[in-house]
Amino acid sequence: MRILVAPDKFKGSLDAREVAHNIAAGLREVLPDAIIDTVPMADGGEGTASAISQARGGEKLICAARDALGREISAEYFWLGDRATAVMEMSAAAGLWRIAPKERDLLRADTFGVGEMLKDAARRGAKEILIGLGGSATNDGGFGMAQALGFRFLGNEHQIEKPAELVNLARIEKPAERMSITIVAAVDVRNPLLGPRGATRTFGPQKGATAEQLELLEAALKRLADVAANDLGSDFRDTPGAGAAGGLGFGLMTFCGATIRSGFDLVAEVIGLEAAIAKADVVITGEGRLDDQSLEGKAPAGVARLAKQAGKRVFAIAGSAGGGPAVGALFDDVLVLARSPITPEQSIARAAELLQERARELAGMM
């Protein structure tokens, strides 16, 4: 029997590589003769760059950058030398994980450090940049990134310095030279830039914004989109994925000519997931929380759909699970770590142990 283990991370507990390792370890205890292939997955959120790098043998690089509050940091990304491709995540510089809860400030947090990462890759001779959008501490529509790349944002009387000041934006000046690198932005959401499903109203509260701040930030992004449409001749505000990472999806398309793609589709293509599924008899995937949101471009749903298309049995192991019939219909069975008397909090702390335990149970079902 050949088994493919292709899970996403269990956020707050284990990364995708660790999840795959523990599932495989549990399976081997019961099925010592099985051939087990592990392919850590991602869908554009955090973990995307490492998943691609691990599958393609990427080299880790470090560059100087700034975090979302302008502090000097070292940010890492990966280099695929065979195709001169840089693989990175915006969260390496402007991620929420770098900002303490009491420090969160969407009125001034920006993506300048992301622009510094892009410039570093360009200096190294990158022909292509793949960038995952997820885990952001920002809501600036790519304003900071564009500043790092040489764009100037001007009000009627002064240069715009902070995202909140974009409400007073009068014009955008392009740099003398613009990057001519192919950039593909990987997203796991389809939100537009503005409106009730936009970057601000959907994700702003999760980043600490108050109701008053949400109104200001929404107005700032609307003004940015209006002026960009007038001065740059492009309007991506309604493009699915424009609202990803605090509107960085919009910024990458507007200021860098980037293409937005489903993170899962991109990762699956780069690592050769369909070929791995074709060789397997059984496929196992999973993530920390499996529910209706998993259907919106998340890795486990994507893995399950490809497995079903290939006529393979597919199972999921999740920290917890919910959702309606559509979720259950994707899998032959779903096993969860958090089952009574184990609480969700305990399942997070004991994730490695419980993954191996559930994998042993699943092995007994094959």
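Quick caveat, the model's predicted, so the values are computed rather than measured.
When atom types are taken as modelled, the side chain of Glu128 and the backbone of Ala84 share no donor-acceptor pair closer than 3.5 angstrom. In this structure a side-chain-to-backbone donor-acceptor pair under 3.5 Å is present from Glu18 to Asp15. Of the possible polar contacts, none joining the Gln356 side chain to the Ala25 backbone as a donor-acceptor pair under 3.5 Å is found. With hydrogens and angles disregarded, no donor-acceptor distance shorter than 3.5 Å links the side chain of Trp97 to the backbone of Gly135.
The one candidate from Phe255, Phe151, Phe153 that meets the ring pair (Phe, Tyr, Trp, His ring centres under 6.0 Å) condition with Phe143 is Phe153. The one candidate from Arg98, Lys207, Arg71 that meets the salt bridge (charged side-chain N to carboxylate O under 4.0 Å, His left out) condition with Glu103 is Arg71.
Side-chain contact between Thr285 and Met41: absent, with no pair of heavy atoms (C-beta onward) separated by less than 4.5 Å.
Using a cut-off of 4.0 Å between Lys/Arg side-chain N and Asp/Glu carboxylate O, Asp231 and Lys174 are scored as not salt-bridged. Glu165 and Lys162 are not joined by a salt bridge, as no carboxylate oxygen comes within less than 4.0 angstrom of a charged side-chain nitrogen. A salt bridge links Lys308 with Asp332: the distance from a Lys NZ or Arg NE/NH1/NH2 to an Asp or Glu carboxylate oxygen falls below 4.0 Å. Looking at Glu116 and Lys119, no side-chain N of the basic residue comes within less than 4.0 Å of a carboxylate O on the acidic one, giving no salt bridge. With respect to the salt-bridge test (charged N to carboxylate O, under 4.0 angstrom), the residues Arg66 and Asp110 do not qualify. Under 4.0 Å is where a charged nitrogen must lie from a carboxylate oxygen, and between Arg339 and Glu361 at least one such pair does. A salt bridge links Arg201 and Glu215; the closest N-O separation between the charged side-chain nitrogens and carboxylate oxygens is under 4.0 Å.
Of all non-hydrogen atoms in Ala92 and Ala75, the two that sit nearest each other are O-CB, 3.8 Å. Among all heavy-atom pairs drawn from Gly247 and Leu193, the shortest one is CA-CD1, 3.7 Å. Residue Thr200 comes nearest to Pro205 through the heavy atom pair O-CD, 3.5 Å, listed as atom of the first residue, atom of the second, then distance. Ala245 and Leu133 get closest at one heavy-atom pair: CB-CB, 3.9 Å. The shortest heavy-atom contact between Ala351 and Leu14 is CB-CD1, 3.8 Å. Nearest heavy atoms, Arg223 versus Leu169: NE-O, 2.7 Å.
Listed by chain and number, the residues in a salt bridge (Lys or Arg N to Asp or Glu O under 4.0 Å) with Arg305 amount to none (sequence neighbours excluded).
Counting non-hydrogen atoms of neighbouring residues, nucleotides and ligands closer than 6.0 angstrom, the CZ atom of Arg190 reaches no more than 12 such neighbours.
Side chains of Arg197 and Thr202: no donor on one and acceptor on the other come within 3.5 Å.
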- [ ] Could you walk me through whether Lys127 and Thr182 pass side-chain contact (heavy atoms from CB on, under 4.5 Å), step by step?
- [x] CA-CA 6 Å; Lys127 295 180 180 178; Thr182 298; over 6 Å; no

